[in-house]
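One structure is given below, encoded as structure tokens.
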Amino acid sequence: MNEFYQMPLFVKLKVRNIEKSKEWYANVLNFNSVFDFPDANGTTSMTHLRGAKYQDLMLLKDEEVSTSNSVIINVFSNNIHSIYLAALENKTKIIQQPTVQPWNAKELTIEDPDGYVFTITESVDSNKDFDTVIDNVNNQS
């Protein structure tokens with residue numbers, strides 16, 4: 001059973017095909033279905049997906065889906081390499097290969113089947129404190 005908690009923030013995404021999207025999120029980002037809401041015909045019209053705790057997404061079925069490059073959804077991971085391999089296996093559009101950034105993160109940017117952009121972030125060195133990371137960023141500029 002999934003843990004119930006009040007979600008302090010979550011994203012709702014309109015998708016053309018909920019089943020196809022659920023499969024992509026499960027296969028690539030390792031998100032699992034918490035529950036589905038059926039419409040009057042018994043077809044899933046909204047699904048609640050969860051990765052780790054507080055990584056919640058709602059997918060809403062809609063015929064008209066319009067994405068933009070104005071929003072990038074960031075997801076933390078402890079294993080960016082496995083997500084990268086899953087993305088390749090699922091023919092996911094890779095926007096940026098896994099790249100080490102000056103802010104102590106390795107990042108991978110991908111696009112879901114409807115065109116939403118996700119940056120997957122993994123800590124490079126979890127022992128670095130905030131001031132050390134900021135000093136490194138400042139020295140890079």
Side-chain angles (χ1 to χ4, degrees), residues 1-130 132-141:
M1 175 154 170
N2 290 301
E3 178 184 1
F4 174 78
Y5 53 81
Q6 293 295 318
M7 297 176 292
L9 176 73
F10 63 94
V11 176
K12 290 182 178 180
L13 302 174
K14 292 181 179 181
V15 298
R16 290 177 194 87
N17 183 321
I18 283 188
E19 294 307 317
K20 178 180 176 183
S21 292
K22 278 175 51 174
E23 184 178 323
W24 184 87
Y25 283 93
N27 291 342
V28 177
L29 296 182
N30 202 27
F31 273 55
N32 297 302
S33 181
V34 175
F35 54 84
D36 294 333
F37 291 103
D39 60 17
N41 300 322
T43 304
T44 301
S45 60
M46 182 172 84
T47 188
H48 178 172
L49 302 178
R50 179 173 294 153
K53 188 171 186 176
Y54 302 122
Q55 290 181 332
D56 292 270
L57 291 173
M58 296 283 188
L59 303 183
L60 309 170
K61 184 177 182 343
D62 200 326
E63 300 300 320
E64 297 293 322
V65 175
S66 176
T67 62
S68 75
N69 63 359
S70 298
V71 175
I72 299 171
I73 302 163
N74 205 90
V75 177
F76 181 79
S77 171
N78 287 318
N79 192 345
I80 201 168
H81 185 70
S82 68
I83 292 175
Y84 176 65
L85 292 177
L88 291 173
E89 287 176 20
N90 286 273
K91 298 177 179 44
T92 300
K93 180 177 179 184
I94 308 290
I95 296 170
Q96 177 187 299
Q97 302 286 326
T99 305
V100 175
Q101 304 293 353
W103 45 89
N104 193 38
K106 182 185 285 187
E107 295 184 340
L108 162 68
T109 303
I110 58 179
E111 191 174 285
D112 88 345
D114 287 286
Y116 294 105
V117 176
F118 285 80
T119 295
I120 314 306
T121 302
E122 178 181 83
S123 292
V124 174
D125 181 354
S126 59
N127 293 319
K128 285 188 179 179
D129 63 36
F130 182 77
T132 303
V133 171
I134 295 303
D135 286 345
N136 188 46
V137 170
N138 289 335
N139 290 334
Q140 295 285 321
S141 16

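- Side-chain atoms of Glu19 and Thr44, non-hydrogen and from C-beta on, do get closer than 4.5 Å to each other.
- A 4.5 Å side-chain heavy-atom check between Tyr116 and Lys14 finds at least one atom pair inside the cut-off.
- Across all non-hydrogen atoms, the minimal contact from Ser21 to Leu59 is CB-CD1, 3.7 Å.
- Sequence neighbours left out, the pairs with a member in residues 49-81 that pass ring pair (Phe, Tyr, Trp, His ring centres under 6.0 Å) are Tyr5-Tyr54.
- To the nearest 0.5 Å, atoms OG (Ser126) and CG (Asn104) are separated by 8.0 Å.
- The existence of a salt bridge linking Asp36 and Lys22 is confirmed by a sub-4.0 Å separation between a basic side-chain nitrogen and an acidic carboxylate oxygen.
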Pairs of donor and acceptor atoms involving the side chains of residues 94-102, under 3.5 Å and at least two apart or interchain, shall be tabulated with distances.
residue: Gln96; atom: NE2; partner: Glu107; partner atom: O; Å: 3.3
residue: Gln97; atom: OE1; partner: Tyr84; partner atom: OH; Å: 2.4
residue: Thr99; atom: OG1; partner: Gln97; partner atom: O; Å: 2.7

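- None of Asn74, Thr119, Thr121 except one satisfies the side chain to side chain donor-acceptor pair (under 3.5 Å) rule with Thr109; the exception is Thr119.
- Note that CH2 of Trp24 is 14.0 Å distant from CG of Asn17, once rounded to the nearest 0.5 Å.
- Using a cut-off of 4.0 Å between Lys/Arg side-chain N and Asp/Glu carboxylate O, Lys61 and Glu63 are scored as salt-bridged.
- In this structure, the separation between CG on Leu49 and CG on Asn30 is 11.5 Å, given to the nearest 0.5 Å.
- A distance-only check finds no donor-acceptor pair linking the side chain of Arg16 to the backbone of Pro113 [under 3.5 Å].
- Atom CG in Leu29 sits 9.0 Å away from atom OG in Ser77 (nearest 0.5 Å).
- Within the model, atoms CG of Asn90 and CD1 of Ile83 stand 12.0 Å from one another, a figure rounded to the nearest 0.5 Å.
- When all heavy atoms of Val124 and Lys106 are compared, the closest pair comes out as CG2-N, 3.6 Å.
- Inter-residue side-chain proximity for Leu13 and Asp114 is flagged as unmet; no heavy-atom pair is nearer than 4.5 Å.
- Smallest separation of non-hydrogen atoms from Ser45 and Pro38: OG-C, 3.9 Å.
- Taking CG of Asp39 as the start and CE of Met46 as the end, the distance is 12.0 Å to the nearest 0.5 Å.
- Close placement of the Tyr25 and Phe118 rings is indicated, their centers lying within 6.0 Å of each other.
- Closest heavy-atom contact between Glu111 and Thr92: O-CG2, 3.2 Å.
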